[in-house]
Amino acid sequence: MKELIILGSTGSIGTQSLEVARKQGIRVTGLAAGSNDKLLEKQAREFKPLTVALSDEAAAARLKIALADTDISVLSGKDGVNAVATGRGDMVLCAIVGIAGLESTLSAIDAKKDIALANKETLVTGGEIVKRKIAEKNVRLLPVDSEHSAIFQSLQGAPKGSLNKIILTASGGPFFGKTREELKNVTVKEALNHPNWTMGAKITIDSATLMNKGLEVIEAVHLFDVSPDDIEVLVHRQSILHSAVELSDGAVIAQLGTPDMKIPIQYAFTYPERGLKFENLSLSKIGSLTFQKPDIDTFKCLSTCIEAIKKGGLYPAAANGANEEAVKLFLDGKIKFLDIADLVYEGMKAAPEIKDFTLNDIYDTDALARQRVKDLC
């Protein structure tokens with residue numbers, strides 16, 4: 001890769017991706033984000049991309065004035081983000097949060113860009129469509145999530161057909177070991193206090209509910225062409241072993257490293273080569289690694305996602321839409337923490353039975369699930 005486009009550049013993954021680009025000397029040709037015009041201006045002035053975009057029209061108008069002394073083209077709205085995604089560049093890092101990242105990812109694939117995928121909702125909601133597009137356009141899809149990158153790395157050199165099982169690890173979030181009674185009145189602040197990772201608000205709440213792990217199960221099904229029954233989720237509190245694979249002879253291959261997202265980001269950028277070194281992992285300092293089964297009775301979002309992918313069709317899209325709406329309500333203080341899982345389950349059940357669904361069907365299902373959540377509140 002010589003030229004990089006970053007969608008979601010002002011978020012946690014986006015800013016870390018720019019750190020990697022800076023360290024690797026990668027040319028950044030396009031940047032897009034939601035509404036943070038101040039940070040995007042700063043990024044644009046440093047990296048000097050050809051084009052930038054903000055989906056928020058008012059923020060884009062401010063950015064256009066702020067960058068008037070440069071040659072950088074400033075676009076706005078959904079069409080502007082899609083234009084950045086299809087502009088000059090070899091690879092597009094897709095890090096827009098939620099289903100909002102689906103259309104721009106598909107646009108980038110249509111433009112025959114390699115995809116570094118940090119937006120798990122793209123595969124959760126539109127996995128079959130995305131995979132068909134990837135094959136049709138003959139581009140690469142490289143995972144950026146630490147767990148899926150670990151699985152991808154662990155499979156390097158494994159003979160085709162030798163994968164027996166995926167071992168998907170989870171930190172357990174801030175509430176590991178808590179009972180439903182203890183979780184009744186937890187605050188937003190407590191839910192945002194992740195023990196190992198620094199992430200955006202939505203994904204941090206998803207980690208606390210184990211919804212994030214449920215979404216990752218769905219994503220892994222699509223990425224690695226496995227059955228949900230071939231994926232084992234284990235809580236690994238240290239976040240050192242990022243995931244593993246069990247091969248046909250019983251051997252288990254794992255990828256370990258410090259909890260630093262820049263490592264999987266860099267691997268997607270430099271694959272199949274290894275990039276520059278980040279922090280060393282000292283196993284002697286860590287001392288021990290532990291693994292436990294998740295409590296799916298307390299953290300029901302995980303079991304809901306597994307049920308959704310087993311049902312297939314539009315059920316994963318419905319679960320995702322319900323979750324996005326429920327998390328927003330929780331962050332706004334309108335529902336309690338435990339309500340999220342109940343609402344996700346009810347929203348998932350609202351999915352229509354459509355076998356050969358289209359992109360419009362996905363968006364309609366998303367809206368239907370969100371409305372179901374609102375109606376229940």
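Basis for what follows: all heavy atoms, side chains included, without hydrogens, waters or symmetry-related copies. All residue numbers in this chain count up from 1 along the given sequence.
In this model, no donor atom of one side chain and acceptor atom of the other lie less than 3.5 Å apart for Glu103 and Ser107. A side-chain N or O of Tyr315 and one of Glu353 form a donor-acceptor pair less than 3.5 Å apart. Between the side chains of Asp230 and Asn164, no donor-acceptor pair of N or O atoms lies under 3.5 Å. For the 3.5 Å distance criterion, the side chains of Gln255 and Ser154 fail to qualify, holding no donor opposite an acceptor. Under 3.5 Å, the side chains of Glu147 and Thr169 contain no donor-acceptor pair of N or O atoms. For the 3.5 Å distance criterion, the side chains of Ser12 and Gln16 qualify, holding a donor opposite an acceptor. No side-chain N or O of Asn138 forms a donor-acceptor pair with one of Lys112 less than 3.5 Å apart.
The CD1 atom of Ile99 sits 12.5 Å away from the CD1 atom of Ile96 when rounded to the nearest 0.5 Å. Remark: Cys301 SG to Ile306 CD1 distance equals 11.5 Å, nearest 0.5 Å.
Judged by the 6.0 Å distance and 45° axis criteria, Lys178 is not positioned over the aromatic ring of Phe299.
A single hydrophobic cluster is not seen to contain both Leu314 and Met348; linkage of ILVMFWY side chains at heavy-atom distances under 4.5 Å, directly or through other members, places them apart. Note on Leu338 and Leu192: same hydrophobic cluster, where clusters join Ile, Leu, Val, Met, Phe, Trp and Tyr whose side-chain heavy atoms are under 4.5 Å apart, directly or indirectly. Ile166 and Ile240 fall into different hydrophobic clusters, where Ile, Leu, Val, Met, Phe, Trp and Tyr side chains are chained together by heavy-atom contacts under 4.5 Å. Placement of Leu142 and Ile115 within a single hydrophobic cluster is found when ILVMFWY residues are connected by side-chain heavy-atom separations under 4.5 Å, directly or transitively. In terms of hydrophobic clustering, with Ile, Leu, Val, Met, Phe, Trp and Tyr side chains grouped at heavy-atom distances under 4.5 Å, Leu283 and Phe278 are assigned to different clusters.
Ionic pairing of Lys349 and Glu346 is present here: one or more N-O contacts between side-chain nitrogen and carboxylate oxygen are shorter than 4.0 angstrom. Ion pairing between a basic and an acidic side chain is recognised when a charged N comes within 4.0 Å of a carboxylate O; Lys133 and Asp110 show such pairing. Under the 4.0 Å criterion applied to side-chain N and carboxylate O atoms, Lys131 and Asp225 are assigned as salt-bridge partners. Here Asp90 does not pair with Lys2 in a salt bridge; the nearest charged N to carboxylate O distance is not below 4.0 Å.
No donor-acceptor distance shorter than 3.5 angstrom exists from the side chain of Thr298 to the backbone of Asp295, with no hydrogens or angles considered. The closest donor-acceptor contact from the side chain of His148 to the backbone of Phe152 lies at 3.5 Å or more, if one exists at all. Thr365 places a side-chain N or O within 3.5 Å of a backbone atom of Asp361 that can act as its donor or acceptor partner. At least one donor-acceptor pair under 3.5 Å links the side chain of Asp339 to the backbone N or O of Lys336. Ser149 places no side-chain N or O within 3.5 Å of a backbone atom of Asp145 that could act as its donor or acceptor partner. Asp114 places a side-chain N or O within 3.5 Å of a backbone atom of Arg140 that can act as its donor or acceptor partner. Although no hydrogens or angles enter the test, the distance criterion places no donor-acceptor pair under 3.5 Å between the side chain of Gln24 and the main chain of Ala21. Judged by distance alone, the side chain of Thr51 and the main-chain N or O of Ser73 form no donor-acceptor pair under 3.5 Å. The closest donor-acceptor contact from the side chain of Ser17 to the backbone of Ile13 lies under 3.5 Å. A donor-acceptor contact shorter than 3.5 Å is absent between the side chain of Glu273 and the backbone of Thr270.
Nearest approach of Leu63 to Val52, heavy atoms of both residues: CD2-CG2, 3.8 Å. Here the closest non-hydrogen pair linking Thr10 and Ala33 is OG1-CB, 3.4 Å. Considering every non-hydrogen atom in both Leu4 and Leu93, the closest pair reads CD1-N, 4.2 Å. The two residues Leu123 and His222 come nearest to each other via the heavy atoms O-CD2, 3.2 Å.
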Could you go through residues 325-335 and list every donor-acceptor pair under 3.5 Å that involves a side-chain atom there, pairing it with any protein atom two or more places apart or in another chain?
{"residue": "Glu325", "atom": "OE1", "partner": "Arg370", "partner atom": "NH1", "Å": "3.4"}
{"residue": "Lys328", "atom": "NZ", "partner": "Asp332", "partner atom": "OD2", "Å": "3.4"}

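Close placement of the Phe337 and Phe175 rings is indicated, their centers lying within 6.0 Å of each other.
In this structure, the side chains of Lys113 and Val139 stay at 4.5 Å or more apart for every pair of heavy atoms. Between Asp364 and Asp366 there is no side-chain heavy-atom pair separated by less than 4.5 Å. The side-chain heavy atoms of Val233 and Ile296, taken from C-beta on, include no pair separated by under 4.5 Å. Side chains of Gln292 and His236 form no contact here, defined as non-hydrogen atoms less than 4.5 Å apart.
The local environment of CG in Asp375 is crowded, with over 12 non-hydrogen atoms from other residues, nucleotides or ligands closer than 6.0 Å.
Partner Leu40 forms a side chain to side chain contact (heavy atoms under 4.5 Å, CB included) with one of Leu67, Val74, Leu31 and no other, that one being Leu31.
Applying the side chain to side chain donor-acceptor pair (under 3.5 Å) test to pairs two or more places apart or on separate chains, those with a residue in residues 38-48 are Ser9-Gln43, Arg22-Glu46, Glu41-Arg45, Arg45-Asp69.
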